[in-house]
Amino acid sequence: MKEFLKNKIITAAKSLIHDFDESSFPYKIVIEKPRIPDHGDLTTNIAMVLAKKFGKPPRTIAEDLISKLEIDKTYFKKIEVAGAGFINFFFTQKYFYERLKEIISSGDKFGSSNIAKGLKTQVEFVSANPTGPLTVGHGRGAVLGDTIANLLEWTGHNVTREYYFNNAGRQMRVLGDSVRLRYLELTGEPIDFPEDYYQGDYIKDIAQHIFEEYGDSLKNQTDSEFFKQQAEKEIFDDIKRTLKRLDIEFDVFFNEKSLYDDGSVQDVVNILKSKNLAYEKDGATWFKATALGGEADKVIIKSTGEPTYRLPDIAYHRNKFQRGFELIIDILGADHIATYPDVLAGLKALGYDEKKVKVLIHQFVTILQNGEIVKMSTRKANFITLDELIDEVGADVVRYFFLMRSMDSHLNFDLNLAKNQSEENPVYYLQYAHARIASIIRYAESEGAALKHVPNFELLDKPEEIQLIKQLEQFPDIVESCAQSYQPHLLAEYLHDVAGIFHKFYHLYRVVSDDKSLSSARIALCIATKTILKNGLRILGITAPEKM
RNA sequence: GGGCCCGUAGCUCAAUUGGACAGAGCAUCAGCCUUCUAAGCUGAGGGUUACGCGUUCGAUUCGCGUCGGGCCUGCCA
């Protein structure tokens, strides 16, 4: 509808100005749904934008434009000039009834589209190394990543969910040593547990499992490799289990080590050197980031011969391009903010279009417990695990909590509040609306009043009914814009509004009554609302219960 | 010192990406269940959008500056 109208308006504008060229205007011409319902169903600012060029008042231009518009009266009730020169369009109810019919016939698929035409897309998220359980901080990235992937799937992207990890670094060596020490402790050896080892109880659990299986037969093993491998396996299983509870599954787990094994890392170094974008200094190898507009050159291989994280990261992203991904999305926490410019510069240096990589940074989650900020560190084990959080409030609440805010706002998670008020959590507002509709439909069926024939939508003429249809009708636009801007929280807000308008409708009017035709029209409206809530919640990864 | 994010109601956060009168939840107060789910609905109070200047027909949104908070800023990942 938007596109249709835009073409009409531009045609009208062209008949007024010969050399009409949209791109020549200083401000953007937009057609959008106004915030305030009184301002119509769609509105445009075109008259204001044209005013300066024309040297006429916006309102006059608006009048002229309207007189030139050729528009079908069956879908447009009224077109008016308002405010500073907005042109407001009012649709007929007939238009909305047709949209309602479409929602019902499309059902589970309503809101999905093929806009991206199968664009090969990768979403990389979580990517926590297996050194400990996922924290609440990881949770935000996990839920955001999965939901953005859902949104992209709904808009026709061919999505691969990928988890990148490194099990070869110093962190992992320390992990193995930590487990070995705890194991020795169990065999009765006196130990001195260093402060910078992993302090968490989960280390003791892993050691306990090893002890149960092997007794003290590994007592004299000085190499920690075995312990490391056991720890990695157990921790990874744990991570996957936690993600599964949030309904998150990955298509690919990509190990950094494979980039060394297949020579990719060395390739990158060679290519950079051949392009004269890498050089040796002080025994280290440097990436000449300054040649590409970077602030300073960066070390990619230390004088010890060990690469810094930048090098494999660049090799990894090169690998993503080599696998043919056309859109590459990285979801990172704010602590990684400094790393991605180097990676992008590296890709550019290798000749890839770094604009295909979208780096989405989400801000931190601050945990408040008893009114105090809990500082998070896996090493010190003073973190709240994601698992514990799910235990406390449930997966639906966790997902909704992380999705209801924009990713660049710092998030305060008050644990006491989340526990105490979990029953008043806003997610229940949405789920309750869905369950309530399910209940109404069950009741209608038991009364034999269910949808038997094509309902007469014209009977839905109450303001709240129209308002509800208008709200539902926007769902595809919302999905599309959320996907395009990578902002799931807008969908959460939208669904909250849907639920609110429905609840209001419910309290004002009876759905199932003696009036059979009216009942069946209203049941249809309920079914459409349920469809939107269900589809929306599915994208957010939140269950839509039939009963509560 | 430099970079990124943030500052909006008592608290936690929105605001269709520059639109018309800045909105929700929680908290507070007052109402609504013998009829389809009261995890709901209706109403009230609560704001100089941190502050200043600028761009614009129009600024919570863009630019510059000041103040305040978080995160980065390593030959750690």
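Below, chains carry the letters A, B, ... as their sequence lines are ordered, and counting in each starts from 1.
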State, without any angle test, whether [X] and [Y] hold a side-chain donor-acceptor pair at a distance under 3.5 Å.
X: E162(A); Y: Y316(A); answer: yes
X: E464(A); Y: Y509(A); answer: yes
X: H317(A); Y: D330(A); answer: yes
X: Y279(A); Y: D297(A); answer: yes

If you compare every side-chain N and O of [X] against the phosphate oxygens of [N] (OP1, OP2), does one of them come in below 4.0 Å?
X: R442(A); N: rU37(B); answer: no
X: Y428(A); N: rU37(B); answer: no
X: Y309(A); N: rA77(B); answer: no
X: H39(A); N: rC21(B); answer: no
X: R170(A); N: rC76(B); answer: no
X: S513(A); N: rC36(B); answer: no
X: Y340(A); N: rC4(B); answer: no

If [N] has a Watson-Crick or G-U wobble mate with both distances under 3.5 Å, name it; if not, just say none.
N: rA24(B); answer: rU12(B)
N: rC64(B); answer: rG52(B)
N: rG1(B); answer: rU73(B)
N: rG18(B); answer: none
N: rC29(B); answer: rG43(B)

_Heavy atoms from C-beta onward define the side chain here; which of rA15(B), rA77(B), rC36(B) lies closest to that of E256(A)?_
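In terms of side-chain proximity for E256(A), the closest of rA15(B), rA77(B), rC36(B) is rA77(B).
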*Choose from rC21(B), rC36(B), rC72(B) the nucleotide whose nearest atom is closest to any side-chain atom of I337(A).*
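Closest of the options to the side chain of I337(A): rC72(B).
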Got a donor-acceptor pair under 3.5 Å from the side chain of [X] to the base of [N]?
X: Y443(A); N: rU37(B); answer: no
X: S406(A); N: rA14(B); answer: no
X: N88(A); N: rA20(B); answer: yes
X: S439(A); N: rC36(B); answer: no

*Interatomic distance at P, rG31(B) relative to rG69(B), whole Å*: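 About 45 Å, rounded to a whole number of Å.
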*For A51(A), report the nucleic acid contact type (base, sugar-phosphate, nothing); a contact means any heavy atom under 4.0 Å.*
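Nothing, no nucleic acid heavy atom in range.
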*Identify whether any heavy atom of D297(A) sits under 4.0 Å from a base atom; if not, whether one sits that close to sugar-phosphate; answer base, sugar-phosphate or nothing.*
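No contact.
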*Interatomic spacing from CG in L472(A) to OH in Y494(A) - rounded to 0.5 Å*: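 Reported to 0.5 Å precision, the distance equals 5.5 Å.
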*Which one of R35(A), E32(A), E80(A) satisfies the side chain to side chain contact (heavy atoms under 4.5 Å, CB included) criterion with T43(A)?*
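When side chain to side chain contact (heavy atoms under 4.5 Å, CB included) is applied between T43(A) and each of R35(A), E32(A), E80(A), only E32(A) qualifies.
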*Based on the glycosidic angle (syn within 90° of 0, else anti), state the conformation of rC33(B).*
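Classified syn.
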